[in-house]
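For the numbers below, each heavy atom of this structure counts, side chains included, while hydrogens, waters and symmetry mates do not.
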Amino acid sequence: MIRTFKYGEVANEELFIRSHLIVDVAPVVSEIIADVVKNGDEALLRYTEKFDKAKLTSLEVTAEEIDSAYNSVGEDYLAVLRQAAENIEAYHKNQVRPGFIMTKENGVVLGQKVTPIAAVGLYVPNGTAAYPSSLLMNCVPAKIAGCPLLVIVTPPGPDGSVDPAILAAAKIAGVDKIYKVGGAQAVAALAYGTESIPKVDKIVGPGNAYVAEAKKQVFGKVAIDTIAGPSEVLIVADDTNDPKVVAADMLAQAEHDIMATSVLVTDSPEFAQWVSDELERQIPLLPRQDIARASIDNNGKIVIANDLMDAIDCANEIAPEHLEIAVDDPFRYLPYIKNAGSIFLGKHSPEALGDYMAGPNHTLPTTGTAKFGSPLSVDDFVKKSQYTYYTEEALAEIKDGLMLFAEKEGLHGHARSVGVRFGEE
């Protein structure tokens, strides 16, 4: 049964803290990483047999496997994958930023150069569900950015195969290499390289607690996108909505994971009860009802606000990954939304639309990090270098102030490096 709160009458912690058990996986992950660094492919094959029950002799997915998977998923599904990829590409092309250059009359040239990251590794989950959508959301922006090497790691099934939908999406996205390995060991392989798997410069993509911890531990050796928490949705809805629809949107999030969080914020106590009743009616209808039940019972919440602006304030405090504004005039409230990963406006924009087809990215900041984080974008797959050019005359114009600045900081060598160019010791 979902819990109900009155906004403003309980401590904030009651609204935001999940009740799931946090397990410390850091020591185990540390051991796995050290093993992969030392033993390379041998460790990967051993862990794949242990955790995925697949006894492999080779880690790389062959071109024949990719083509076979592509031809097996059906033309209707391929058409959907292509449409999704096209929508993602159309949206993310708007994020491309060239470098810039600025000049001054005295010959000074300043600028910024944008360069794609040379090698990117993408983790694609394949556990209780496969996520070709995540593959597209990560790979398409990387390709737009111009990354020369895009490598995928994903856990195989017990028969040693990779989910055909993942391979089909990879072919459409133009992935360069795919390897059958998952978990913390896959992250370690990407960060350090093995005999089969190339070392990359950045690792992106969602995963379980072991994957998240591994990304955390290899950060610094490589770049990462984020340490993602369980998925979450917050729905601001008034009583003009159909409670059946709002409950369905909450359960769409709840079926992801037992740790997923679904929150409704409404200004109507009656509507809150209607949605609560609908949740109880709909949960048994889901194939993943056990997961949805645990998510709703442990982490689901209904918050009753005084009015819709109060509801927006609540949403800004929670800073959800996904925010639905299910009202008749959602654009009225858009200027007041400060903290959200992805915003879905109106009664016909379910969060599922963003997961698959709309085009904006579904790799988003979670657990309140939308207060300072942003969705995955083309910017995540490039790096920026700045450059400076001064003529002798231009340097002469500012040398005295430059040397004074350095001396005030006690860095006389800095000052001398300027003065020596003009015969000053």
Looking at every heavy atom in both [X] and [Y], which two are closest together, and how far apart are they?
X: Ile235; Y: Val246; result: CD1-O, 3.9 Å
X: Lys55; Y: Glu49; result: NZ-OE1, 3.6 Å
X: Leu167; Y: Ala69; result: CB-CB, 3.6 Å
X: Val109; Y: Thr103; result: CG2-CG2, 4.2 Å
X: Ile203; Y: Val187; result: CD1-O, 3.7 Å
X: Tyr336; Y: Ile312; result: O-CG2, 3.7 Å

Please assess Asp249 against Gln253 for the test side-chain hydrogen bond (donor to acceptor under 3.5 Å, both in side chains), listing each intermediate value before the final yes or no.
CA-CA 7 Å; Asp249 281 7; Gln253 204 66 33; over 6 Å; no

Cut-off 3.5 Å, side chains only: do [X] and [Y] have a donor facing an acceptor?
X: Thr154; Y: Asn126; value: no
X: Tyr7; Y: Glu317; value: yes
X: Glu321; Y: Ser231; value: yes
X: Thr240; Y: Lys347; value: yes
X: Asp52; Y: Tyr47; value: no
X: Ser342; Y: His362; value: no

Apply side-chain hydrogen bond (donor to acceptor under 3.5 Å, both in side chains) to the pair Thr115 and Lys113, showing each step before the final yes or no.
CA-CA 6 Å; Thr115 307; Lys113 181 178 182 293; 3.0 Å; yes

Please report the C-alpha distance between Thr194 and Asp41 in whole Å, then the side-chain angles of each, then the deciding distance to 0.1 Å, and finally whether the side-chain hydrogen bond (donor to acceptor under 3.5 Å, both in side chains) criterion is met.
CA-CA 6 Å; Thr194 70; Asp41 282 358; 2.6 Å; yes

Is [Y] paired with [X] through a side-chain N to carboxylate O contact shorter than 4.0 Å?
X: Asp201; Y: Lys383; result: no
X: Arg293; Y: Glu280; result: yes
X: Lys180; Y: Glu65; result: yes
X: Arg46; Y: Asp35; result: yes
X: Glu89; Y: Lys93; result: yes

Show your reasoning for whether side chain to side chain contact (heavy atoms under 4.5 Å, CB included) applies to Leu59 and Leu45.
CA-CA 8 Å; Leu59 294 167; Leu45 292 168; 3.7 Å; yes

Is it the case that over 12 heavy atoms from other parts of the model lie below 6.0 angstrom from the CD atom of Glu75?
yes

To the nearest 0.5 angstrom, please state how far the [atom1] atom of [X] sits from the [atom2] atom of [Y].
X: Lys171; Y: Leu81; atom1: NZ; atom2: CG; answer: 13.0 Å
X: Asn138; Y: Tyr123; atom1: CG; atom2: OH; answer: 13.0 Å
X: Ile2; Y: Ile296; atom1: CD1; atom2: CD1; answer: 4.5 Å

